[in-house]
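Right, one structure below, let's go through it.
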Amino acid sequence: MAVVKRLYFSFFVLVYMLYALFNKGIAYSYLSEAIIVSGLLLVLWNLRSYEFAWDRRMALLFFFMFMSILYIGRGVMEGYGITDVVRDSVIFNYIAFAFIVYFLKDELPFLKQQLFTIYKWYPVCMCCFFLLSSYSPFLRELTIFGGQRIFLYKFGDMGVHLFIATIFLLNGNIVLSRRYLVLQWVIIAYLFLVVSSYSRSGMISFIIPMGVFFILTKNMVIKRQMIKLLKFAPFIVILALPLFLSTNLEENFQGRSLSIEQLKNNAVSIFSSEDDGTTLSDNKVWRLVWWGRIVEYTFLGEYFFHGRGLGMSLAATDDIDYDPTEGNLRSPHSFHMTVLARFGVPVFLLWLYWMYLHISKIRRKELSAFMLILLSVSLSFLINASFDVFLEGPMGAMPFWIFVGLAYAEEAFNSSANINTA
């Protein structure tokens with residue numbers, strides 16, 4: 001059994017690496033679904049030996065998965081296609097990763113080391129992939145799975161993974177020689193400039209968790225290192241600017257481009273309530289209008305208790321104007337509002353309660369350094385998921401629920417270690 005678990009875990013880590021590096025490009029490879037099915041079979045095979053530290057957080061996660069199964073039945077009975085119903089149900093189905101990681105908690109040191117290795121090379125790989133696809137039309141249009149371009153990467157998602165790579169580097173989990181350390185910081189600065197040009201959610205998903213980590217960490221060595229790094233930040237950005245400004249990338253479908261002006265506009269638009277006539281204001285208004293409609297027909301309407309359910313396009317049922325060339329828009333660009341729209345107010349409030357239980361542990365005085373990192377990473381995921389389609393698909397859901405499971409496994413691992421020491 002130990003051999004089977006190690007083989008599964010090795011495949012598990014490989015799939016995680018592929019999703020981290022290629023994101024939307026392998027969304028239709030169904031590798032994450034294969035990992036879930038095989039992992040659950042492994043759990044069932046060893047169900048008698050499966051020990052779990054049951055608490056309110058875990059009970060809620062199990063409840064969300066149970067509700068997802070019930071809503072699949074509801075969607076089918078209401079006449080929606082099974083493919084659409086199952087696709088909408090995955091917003092909670094991916095929670096299974098948290099239970100699988102906890103089952104494999106004996107392999108926790110192996111998983112952590114593999115994650116450190118992946119994120120050690122993440123900035124360099126992303127920089128190379130991005131530049132190659134920017135300058136090569138062949139690579140830019142190369143498709144492998146489901147007609148998606150293999151190097152198609154959502155910049156909000158990149159902001160989250162870049163935060164993970166940065167926080168591991170700051171904490172000393174990633175060790176580099178001085179020469180390569182400087183190069184790594186320049187590449188991180190370059191990728192952050194790229195992310196911030198195209199995604200406001202990616203920008204704040206990096207900045208806010210980093211600020212929270214700085215405030216809450218008790219490691220004064222890391223704090224001094226972060227302050228020192230902040231002092232040298234202008235010089236690092238200056239070194240990254242030539243690469244940033246020379247990157248050959250056209251405007252995206254929202255009219256955003258790589259430029260200093262775009263960076264300024266994105267930063268200002270986050271706090272500005274004025275309509276500047278740009279797509280930045282349009283996107284903000286478009287989301288707020290849709291979210292307002294969801295609140296109206298749930299908190300104040302007929303879908304209070306049960307939501308709209310699964311299987312339908314929310315853009316169609318909520319009468320939202322959108323570009324049909326972008327596909328069948330099924331999410332209001334906020335995971336939390338998707339939960340509210342599809343499952344109703346009671347489940348939505350329970351989801352908010354679960355987030356509180358999970359993130360509130362970040363304030364505990366006895367929190368270990370690595371647990372602070374894991375919860376800061378969770379915060380980064382949840383921030384990006386608040387403004388983009390992220391946890392609704394495998395590119396965001398798989399790593400998020402893995403980090404959630406890792407946090408619970410780390411907590412159990414530390415508790416066991418304390419008991420053994422005592």
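Residues that satisfy the salt bridge (Lys or Arg N to Asp or Glu O under 4.0 Å) test with Asp157, not counting sequence neighbours, are absent from this structure. Every side-chain hydrogen bond (donor to acceptor under 3.5 Å, both in side chains) that Lys112 has, sequence neighbours left out, goes to Glu410. Here Ser196 pairs with nothing under the side-chain hydrogen bond (donor to acceptor under 3.5 Å, both in side chains) rule; sequence neighbours left out.
Between Phe192 and Phe163 there is no side-chain heavy-atom pair separated by less than 4.5 Å. Between Arg74 and Leu310, the closest side-chain pair of non-hydrogen atoms is not below 4.5 Å.
A donor-acceptor pair is defined here as one N or O able to donate and one able to accept, closer than 3.5 Å; no such pair exists between the side chain of Ser89 and the backbone of Ile72. Judged by distance alone, the side chain of Trp291 and the main-chain N or O of Pro332 form a donor-acceptor pair under 3.5 Å. Distance alone, capped at 3.5 Å, is enough to place a donor-acceptor pair between the Asn23 side chain and the Lys154 backbone. No donor-acceptor pair under 3.5 Å is formed between the side chain of Tyr408 and the backbone N or O of Phe99. Proximity of a side-chain donor or acceptor of Asn46 to a complementary backbone N or O of Leu42 within less than 3.5 Å is detected. Between the Arg287 side chain and the Phe387 main chain, a donor and an acceptor come within less than 3.5 Å of each other. Checked by atom type and distance alone, the side chain of Thr217 never pairs as donor or acceptor with a backbone atom of Phe214 at under 3.5 Å.
Cation-pi geometry between Arg6 and Phe110 is met: the NZ or CZ atom falls under 6.0 Å from the ring centre, inside 45° of the normal.
Relative orientation of the Tyr356 and Tyr353 rings is parallel, given thresholds of 30° and 60° on the angle between their planes. Ring geometry for Tyr122 against His161 counts as tilted: the plane angle lies between 30° and 60°, on a 0 to 90° scale. The aromatic rings of Phe62 and Trp54 sit perpendicular, their planes meeting at an angle over 60°, well past the 30° parallel limit. Ring geometry for Phe22 against Phe129 counts as parallel: the plane angle stays under 30°, on a 0 to 90° scale with 60° as the upper cut.
The pair Arg342-Glu392 does not count as a salt bridge, with every side-chain nitrogen at least 4.0 angstrom from each carboxylate oxygen.
In the model, Tyr119 has no side-chain atom that pairs as donor or acceptor with a side-chain atom of Gln114 under 3.5 Å.
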